[in-house]
Amino acid sequence: MHDSTRRDARPRIAPAGLMFLAITSIGWGFNWPVTKFLLAELPPLTLRGVTGVLGAVLLALLAVMRRQSLRVEGAIWPRLLTAAVLNVTGWMVLMGLALLWLPASEAALIAYTMPVWASIIAWPVLGERPTVLRTLGLVLAFAGLASIMGGNGFAASASKLPGIIMVLAGAFGFALGTVLSKKYPIHLPPLSAAAWQIGIGCLPISIVGLLIETTHLSNVTPLGWWLLVYSVVGQFCIAYVSWFAALARLPASVAAIGTMAVPVIGVVASAIALGEPLGAGQIAALVFTLAAVVLATR
């Protein structure tokens, strides 16, 4: 792979990149309560995998309609597979399963410690040395986790531990994928790149889900069907394409910090739509997490 990172270049912030980042944050933020609701009607792997494959097919059709080539050169495949596994497969599986143990609001807060891990990974991969502020950001990120785990007592925290571990693993994998995508960019048209990554990432999830899970479509309510449409179109076709477009136009740290709006949207939307708690523990975790993200990416 060719190292595309230029250490002597000053990162540029493209206005279009910020616009795409805002679209991503809104799409992903609302998807947390949506997924939590749908998990009551559909099993997790089938839900995450099948909606992703459908989204990838729609993106591929749109790419063909817009005359964007779906052809992938041999040298690009290792980068494409790596990005798909880290940014899609790992994220989808771990976040979907974590919601079985965690409220959507708390899962969203933990997940978006991702910029902190991205800042740490960027040191060995991109040569960006951690600063005092980034170190402080890491401390604040763990303070946010402590606020969530300690909010309802030790017994409640222990029951949440599997979900917390899954979310942290997914966030770390996504951070690694983000940094690697900046070092080794995938040179494909935007729609084609998104279609391939989402399709490759979600296909194995859907196969495993259909093999080991039992799905009863009769359990899906009319609202559930509308939310499934949102998952396919909003999360995959719009938010993921916007994320890849933002990542191509912005420095990795700026793209990472831009996702700080996602947990805010996720926490508020979950409180309104699902009646999840929005007490002192969640608010403290939100403040600590956002402060950590700001410091870690300065």
Side-chain angles (χ1 to χ4, degrees), residues 14 16-32 34-35 38 42 44-96 170 173-174 177-178 180-182 184-210 225-250 255 258-259 262:
L18 296 177
M19 179 193 69
F20 285 122
L21 205 53
I23 295 172
T24 300
S25 296
I26 294 171
W28 284 351
F30 282 119
N31 197 61
W32 284 98
V34 167
T35 301
L38 289 173
L42 292 169
L45 297 181
T46 301
L47 169 63
R48 304 291 270 176
V50 173
T51 54
V53 170
L54 291 175
V57 171
L58 289 178
L59 286 172
L61 291 175
L62 185 58
V64 172
M65 292 173 59
R66 294 178 63 93
R67 302 183 185 277
Q68 291 187 10
S69 174
L70 292 171
R71 181 176 176 272
V72 180
E73 297 181 1
I76 296 179
W77 277 110
R79 308 179 189 188
L80 195 59
L81 291 172
T82 299
V85 169
L86 293 174
N87 289 341
V88 181
T89 304
W91 179 266
M92 290 295 162
V93 171
L94 292 168
M95 297 304 165
F174 198 98
T178 298
L180 290 179
S181 293
K182 293 303 296 183
Y184 306 116
I186 298 171
H187 298 292
L188 287 174
L191 292 176
S192 301
W196 275 113
Q197 290 181 65
I198 294 171
I200 293 171
C202 289
L203 183 60
I205 304 174
S206 62
I207 292 174
V208 172
L210 293 172
W225 284 111
W226 282 109
L227 294 180
L228 282 171
V229 172
Y230 175 82
S231 290
V232 173
V233 178
Q235 179 188 197
F236 290 108
C237 292
I238 297 177
Y240 256 103
V241 170
S242 297
W243 168 248
F244 295 134
L247 196 57
R249 292 167 172 81
L250 298 172
T259 61
V262 176

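Note: hydrogens, waters and symmetry copies are ignored here, and every other heavy atom, side chains too, is used. Remember, it's a predicted structure, so these values are computed and weren't measured experimentally.
- Taking 4.5 Å as the limit, some side-chain heavy atom of Tyr230 sits within range of a side-chain heavy atom of Asn31.
- Counting only heavy atoms from C-beta outward, the side chains of Thr35 and Pro44 never approach each other to under 4.5 Å.
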Distance-only donor-acceptor pairs under 3.5 Å for side chains of residues 197-206, two or more places apart:
{"from": "Gln197", "atom 1": "NE2", "to": "Ala193", "atom 2": "O", "distance (Å)": "3.4"}
{"from": "Ser206", "atom 1": "OG", "to": "Cys202", "atom 2": "O", "distance (Å)": "3.4"}
{"from": "Ser206", "atom 1": "OG", "to": "Leu203", "atom 2": "O", "distance (Å)": "2.7"}

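- Side-chain atoms of Glu73 and His187, non-hydrogen and from C-beta on, never get closer than 4.5 Å to each other.
- In Trp77, the CH2 atom is crowded: over 12 heavy atoms of neighbouring residues, nucleotides or ligands sit closer than 6.0 Å.
- How far CE of Met95 is from CH2 of Trp32: 5.0 Å, rounded to the nearest 0.5 Å.
- Closest non-hydrogen pair, Phe236 versus Ser231, comes out as CD1-O, 3.1 Å.
- Side-chain atoms of Trp196 and Ile76, non-hydrogen and from C-beta on, never get closer than 4.5 Å to each other.
- Separation of atoms OG1 (Thr51) and CG (Leu227) is listed at 12.0 Å; rounding is to 0.5 Å.
- At least one donor-acceptor pair closer than 3.5 Å links the side chain of Arg48 to the backbone N or O of Met92.
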Exercise for the section: Begin with the C-alpha distance, continue with both residues' side-chain angles, and end with the deciding distance and a verdict on side-chain contact (heavy atoms from CB on, under 4.5 Å) for Asn87 and Thr82. Expected result: CA-CA 8 Å; Asn87 289 341; Thr82 299; over 6 Å; no
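- When all heavy atoms of Thr24 and Ala239 are compared, the pair lying nearest together is OG1-O, 3.3 Å.
- Using a 4.5 Å heavy-atom cutoff, the side chains of Leu86 and Phe174 are not in contact.
- For Trp91 and Tyr240, the ring centers are positioned 6.0 Å apart or more.
- In terms of heavy atoms, Arg66 sits closest to Leu191 at CD-CD1, 3.4 Å.
- Judged purely by atom type and a 3.5 angstrom limit, Ser242 has no side-chain atom pairing as donor or acceptor with the backbone of Leu21.
- Distance alone, capped at 3.5 Å, is enough to place a donor-acceptor pair between the Ser192 side chain and the Ser69 backbone.
- The shortest side-chain heavy-atom distance between Ser181 and Arg79 does not fall under the 4.5 Å cut-off.
- Nearest approach of Gly209 to Leu45, heavy atoms of both residues: CA-CB, 3.7 Å.
- Of all non-hydrogen atoms in Leu58 and Cys237, the two that sit nearest each other are CB-SG, 3.8 Å.
- Between Thr46 and Leu42, every side-chain heavy-atom pair lies at or beyond the 4.5 Å cut-off.
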